[in-house]
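Worksheet: the structure to be examined is printed underneath.
Note that this is a predicted model, so its numbers are computed, not measured. What you see below is based on every heavy atom in this structure, not just the backbone, and it leaves out hydrogens, waters and symmetry mates.
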Amino acid sequence: MRKFLERLKPIHLAGTAALAITAMTLGSVPSVGQHNATGADHLLGTGAFGNIELVGKVAVHNAAAGIIADVGALGNYAYLGHYTQAACAGPEGGGPDGGVYVIDISNPASPREVGFIKAHQDTYVSEGVQALRIETSQYRGDILVLNNEGCGKNYKAGMSIWNINNPLQPLKLSENIGDFTSSDFPNRPHDANQIHSAFAWDAGSKAYVVIVDDDEAKDIDILDITNPRKPKLIGEFNAQTDFPLNSDRANGAEVFLHDMVVKEIGGRFYMLLSYWDAGWIVLDVTNPAIPS
């Protein structure tokens, strides 16, 4: 039995408005369905949540069911995405429409909310929250990458990047950046297309981010963020026609890009994309302008 102790990692608890700091011991887990009618725990064990110990928790200042969509962490701070709520589109003045809660997790037993980064009016943050350090030819430091989706007529979408070298005083590097054209809606005036998720990676002297384009079939958009103050779109792709994706193998009816991660393995960079019922696609993005 292999044991793994993880004490400072926030976990995503879907549908909650709190951050839980946990200690986990993972052993041999029998092969069971991920979800079933009996609601079996993912982490099997004798406790209420399986082999997992609750160390500490915090509720955000305007906690509500379903308000947190994603969690990113770097160093002593965690960043929680403020998801859409019924009041997001108005009337105005009822609190922030969306953004990111900044949580101090330096003491895992007593995490504290220490800030909030607001998104634009009628805009919310969902599953694109990532904190990381990049060291490129044009920027060295910690950044927070966010997605933006709309819940009202005044939304500003695309991707936003913040300087979080001082998490208590975040500084905006770029905001609402992405693909400003949509082949699926050519006559619709808009700013950057809405994006559902984002993942950035440091490739040495350069850095990149991949975003999910909600507004067109070319839903894989890759940007160069070597200078995070001036991101540049370097490629957009449709997995079904450009690689291609064989949707006939789908397990159900839902075939769309939802999330992705990038990892360096053996000196090359690989992107893992989740297409829900169609499964996973792996792309070599060592040259991100020409994935294969």
Side-chain angles (χ1 to χ4, degrees), residues 70 72-75 77 79 81 98-100 102 115 117-120 123 125-149 155-182 190-216 218-237 259-264 267-271 273 283-292:
D70 202 5
L74 183 66
Y77 294 87
Y79 303 88
V100 171
V102 183
I117 302 172
K118 290 184 179 180
H120 192 273
T123 307
V125 175
S126 51
E127 297 181 69
V129 180
Q130 183 193 14
L132 72 156
R133 182 172 183 83
I134 63 173
E135 297 186 2
T136 73
S137 58
Q138 299 185 54
Y139 183 91
R140 295 172 63 90
D142 299 337
I143 62 172
L144 179 66
V145 177
L146 308 175
N147 79 299
N148 295 286
E149 291 183 289
Y155 76 86
K156 298 288 185 182
M159 168 196 67
S160 298
I161 305 177
W162 290 76
N163 173 333
I164 53 169
N165 287 317
N166 181 354
L168 301 180
Q169 295 182 333
L171 301 174
K172 187 187 305 179
L173 293 171
S174 54
E175 190 172 35
N176 309 120
I177 300 297
D179 185 358
F180 289 86
T181 63
S182 174
H190 59 72
D191 295 315
N193 295 347
Q194 295 188 74
I195 70 168
H196 183 70
S197 188
F199 191 92
W201 69 100
D202 187 325
S205 62
K206 294 190 173 185
Y208 303 95
V209 64
V210 56
I211 60 178
V212 176
D213 190 328
D214 294 350
D215 291 342
E216 59 181 352
K218 286 184 174 292
D219 53 8
I220 307 169
D221 290 350
I222 300 178
L223 295 93
D224 185 325
I225 59 168
T226 301
N227 180 355
R229 298 175 179 85
K230 295 182 178 180
K232 299 177 182 178
L233 182 66
I234 60 173
E236 48 181 331
F237 308 93
D259 251 320
M260 52 273 151
V261 296
V262 176
K263 185 174 183 179
E264 183 180 6
R268 303 193 70 82
F269 288 89
Y270 296 95
M271 180 183 296
L273 304 106
L283 298 178
D284 185 326
V285 290
T286 306
N287 180 351
I290 311 177
S292 59

Between D221 and I211 (side chain of the first, backbone of the second, donor and acceptor by atom type, cut-off under 3.5 Å), is there such a pair? no
Taking the side chain as every heavy atom from C-beta outward, state whether W201 and E264 have any pair of such atoms under 4.5 Å apart. no
Without swapping roles, check the side chain of S160 against the backbone of L146 for a donor-acceptor pair under 3.5 Å. no
Backbone N/O of L173 and side chain of N163: donor-acceptor pair under 3.5 Å: no
Main-chain N/O of S292 paired to D284 side chain as donor or acceptor, under 3.5 Å: no
Work out which heavy atom in I177 is nearest to a heavy atom in S174; give both atom names and the distance. CG1-CB, 4.0 Å
In this structure, are over 12 heavy atoms from other groups packed under 6.0 Å from I234 atom CD1? yes
side-chain contact (heavy atoms from CB on, under 4.5 Å) assessment of M159 paired with I161: CA-CA 7 Å; M159 168 196 67; I161 305 177; 4.0 Å; yes
For E135, does its backbone N or O pair with a side-chain atom of D202 as donor and acceptor, under 3.5 Å? yes
Any residue meeting ring pair (Phe, Tyr, Trp, His ring centres under 6.0 Å) with H120, in chain and number order, not counting sequence neighbours: none
Do L273 and L283 pass the side-chain contact (heavy atoms from CB on, under 4.5 Å) test, and can you show the C-alpha distance, the side-chain angles, and the key distance before you say yes or no? CA-CA 8 Å; L273 304 106; L283 298 178; 3.7 Å; yes
Run the numbers on I143 and L132 for side-chain contact (heavy atoms from CB on, under 4.5 Å), then give the verdict. CA-CA 6 Å; I143 62 172; L132 72 156; 3.7 Å; yes
Under a plain distance cut-off of 3.5 Å, with no hydrogens placed, do T123 and N148 share a side-chain donor-acceptor pair? no
Say whether, by atom type as modelled, one donor and one acceptor occur between the side chain of N193 and the main chain of T181 under 3.5 angstrom. yes
Charged N to carboxylate O below 4.0 Å: is that the case for D213 and K218? no
Just so I know, are the side chains of P291 and I222 near enough to count as touching, which here means a heavy-atom distance under 4.5 Å? yes
Counting only N and O atoms by type, is there a donor-acceptor contact under 3.5 Å from the side chain of N165 to the main-chain atoms of D142? yes
Given T136, I134, D224, the one that forms side chain to side chain contact (heavy atoms under 4.5 Å, CB included) with K206: D224
Any side-chain heavy-atom pair of W162 and L171 under 4.5 Å: no
Take I164 and Y77, measure what side-chain contact (heavy atoms from CB on, under 4.5 Å) needs, and give me the verdict at the end. CA-CA 10 Å; I164 53 169; Y77 294 87; over 6 Å; no
Any side-chain heavy atom of Q130 within less than 4.5 Å of one from F199? yes
Side chains of T226 and S205, heavy atoms from C-beta outward: is any pair under 4.5 Å? no
Under 3.5 Å: donor-acceptor pair, side chain of T286, backbone of R268: no
Non-hydrogen side-chain atoms of P288 and F269 separated by less than 4.5 Å: no
Is the shortest heavy-atom distance from the side chain of E236 to the side chain of E216 under 4.5 Å? yes
